[in-house]
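After the structure tokens below, expect a handful of questions from me.
Values below: every heavy atom of this structure, side chains too, minus hydrogens, waters and symmetry copies.
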Amino acid sequence: MSKRAVIVIDLQNEYLPTGKLPLAGIEAAVANAARVIAAARAAQLPVIHIRHEFAHNEMPAFVPGSEGAQIQAAVAPHEGEPVILKNQVNAFLGTPLKSLLEGLGVRELVVVGAMSHMCVDAAVRAAADLGFAVTVIHDACATLDLEFGGVQVPAAQVHAAMMAALGFAYATLESTEQYLAG
């Protein structure tokens with residue numbers, strides 16, 4: 001079996017109900033992510049945290065140094081766990097993530113985080129394209145309502161569409177319970 005790591009994508013305060021970009025179901029997703037992280041720590045698997053900031057304050061959210069840009073307490077890194085700062089949607093773009101994973105001998109990724117339709121999607125597709133085997137813990141991810149062409153798309157449908165697309169060719173999808181039972 002190849003070495004596995006858990007990648008925690010952007011579970012930051014900005015996505016809480018008190019943040020500037022609240023996500024539907026974020027509390028449940030974070031609770032599930034915390035369980036996945038705890039299991040990884042117990043198994044001595046690497047846990048790598050990804051944290052988003054906008055480099056030039058181009059958005060009113062994820063402002064460098066702000067409380068919103070901080071990782072949520074429930075999934076906060078433990079001492080020695082890497083935190084990768086990114087300024088793009090894709091956690092691999094312009095970051096040392098790929099070289100860190102290669103240096104650790106990691107070939108399998110377990111992904112939890114936010115937002116399902118943006119940063120989770122981009123990282124999962126990039127990881128698969130780079131040759132990593134990817135498992136997404138679908139109930140440890142969250143997103144928000146979207147709109148396109150006057151059509152309102154509820155977060156649950158956005159999330160389901162993204163998970164269906166990722167499961168089609170890029171990742172294995174599991175619930176927290178399935179993953180922890182495995």
Report task. Please tell me if the side chains of Ile50 and Leu97 come closer than 4.5 Å, counting only heavy atoms from C-beta onward. Result -> yes
**Report entry** Parallel, tilted or perpendicular: ring planes of Tyr15 versus Phe62, cut at 30 and 60 degrees
**Finding:** perpendicular
Query raised in the report: Are any of the side-chain heavy atoms of Met163 and Val136 separated by less than 4.5 Å?
Result: yes
Could you list the donor-acceptor pairs under 3.5 angstrom formed by side chains in residues 68-83, with sequence neighbours left out?
residue : atom : partner : partner atom : Å
Gln70   : NE2  : Ser66   : O            : 3.3
Gln72   : NE2  : Gln12   : O            : 3.0
His78   : NE2  : Arg41   : NH1          : 3.1
Glu81   : OE1  : Arg41   : NH2          : 2.8
Glu81   : OE1  : His49   : NE2          : 2.8
Glu81   : OE1  : His78   : N            : 2.9
Glu81   : OE2  : Arg41   : NE           : 2.7
Glu81   : OE2  : Arg41   : NH2          : 3.4

Query raised in the report: Are the side chain of Arg107 and the backbone N or O of Gly131 linked by a donor-acceptor pair below 3.5 Å?
Result: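 A pair under 3.5 Å: yes.
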Requested in this report: Nearest 0.5 Å please: distance from the SG atom of Cys119 over to the CG atom of Asp10.
Outcome: 4.5 Å
**Report entry** Gln157 side chain to Pro154 backbone, donor-acceptor under 3.5 Å
**Finding:**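 No; zero donor-acceptor contacts below 3.5 Å.
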Query raised in the report: Side chains of Glu53 and Asn87: does their closest heavy-atom pair fall under 4.5 Å?
Result: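 Yes, their side chains come closer than 4.5 Å.
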**Report entry** Which atom of Pro22 lies closest to which atom of Gly19, heavy atoms considered
**Finding:**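 Nearest heavy atoms, Pro22 then Gly19: CD-O, 3.6 Å.
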**Report entry** Thr176 side chain to Asp139 side chain, donor-acceptor N/O pair below 3.5 angstrom
**Finding:** yes
Please list, one pair per line, the donor and acceptor atoms closer than 3.5 Å that link side chains of residues 140-149 to other protein atoms, with sequence neighbours excluded.
residue : atom : partner : partner atom : Å
Thr143  : OG1  : His117  : ND1          : 2.5
Asp145  : OD1  : Ala155  : N            : 2.6
Glu147  : OE2  : Gly149  : N            : 3.4
Glu147  : OE2  : Gly150  : N            : 2.6

**Report entry** Criterion side-chain contact (heavy atoms from CB on, under 4.5 Å) on Val30 and Ile26, from CA distance to verdict
**Finding:** CA-CA 6 Å; Val30 168; Ile26 189 63; 4.0 Å; yes
Requested in this report: State, with a plain yes or no, whether a side-chain heavy atom of Leu101 is found less than 4.5 Å away from one of Phe132.
Outcome: yes
Query raised in the report: What do the steps show when you test Ile84 against Leu100 for side-chain contact (heavy atoms from CB on, under 4.5 Å), and what is the final call?
Result: CA-CA 10 Å; Ile84 303 286; Leu100 173 64; 4.1 Å; yes
**Report entry** side-chain contact (heavy atoms from CB on, under 4.5 Å) between Ile37 and Val8, intermediate numbers included
**Finding:** CA-CA 8 Å; Ile37 292 166; Val8 184; 3.6 Å; yes
Query raised in the report: Are Asp129 and Arg125 within salt-bridge range, i.e. N to O under 4.0 Å?
Result: no
**Report entry** Same apolar cluster (I L V M F W Y, side chains within < 4.5 Å links), Leu85/Met118
**Finding:**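 In one cluster with Leu85: Met118, no.
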Requested in this report: Calculate, to the nearest 0.5 Å, the distance between atoms CG and CD belonging to Leu16 and Glu67 respectively.
Outcome: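 Between atom CG of Leu16 and atom CD of Glu67 there are 9.5 Å.
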Query raised in the report: Can you name the nearest heavy-atom pair linking Lys86 to Ala91, along with the distance?
Result: CD-CA, 3.6 Å
Query - Note, Leu104 side chain near Ile48 side chain (heavy atom, < 4.5 Å) - result: yes
Requested in this report: Would you indicate whether the side-chain heavy atoms of Val134 and Thr172 approach each other to under 4.5 Å?
Outcome: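 Answer no - side chains too far apart.
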Query raised in the report: Do the side chains of Thr135 and Leu109 get nearer than 4.5 Å, heavy atoms only?
Result: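 No; the side chains remain at least 4.5 Å from each other.
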Query raised in the report: So, for Arg4 and Val106, which heavy atoms are closest and what is the spacing to 0.1 Å?
Result: C-CG1, 4.3 Å
Query raised in the report: Atom CZ of Phe54 and atom CE of Met59: how far apart are they, to the nearest 0.5 Å?
Result: 4.5 Å
Query raised in the report: Is there side-chain contact between Met115 and Val120, with heavy atoms separated by less than 4.5 Å?
Result: no
Query - Minimum heavy-atom distance between Phe92 and Ala126, given as atom pair plus value - result: CD1-CB, 3.7 Å
Requested in this report: Using a strict 4.0 Å threshold on nitrogen-to-oxygen distance, state whether Arg35 and Glu177 make a salt bridge.
Outcome: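 Between Glu177 and Arg35 there is a salt bridge, with a charged N closer than 4.0 Å to a carboxylate O.
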Query - Nearest heavy atoms of His138 and His159, plus distance in Å - result: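 It is O-NE2, 3.0 Å.
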Query raised in the report: Are Leu180 and Val6 linked, directly or through other ILVMFWY residues, by side chains that come within less than 4.5 angstrom of each other?
Result: yes
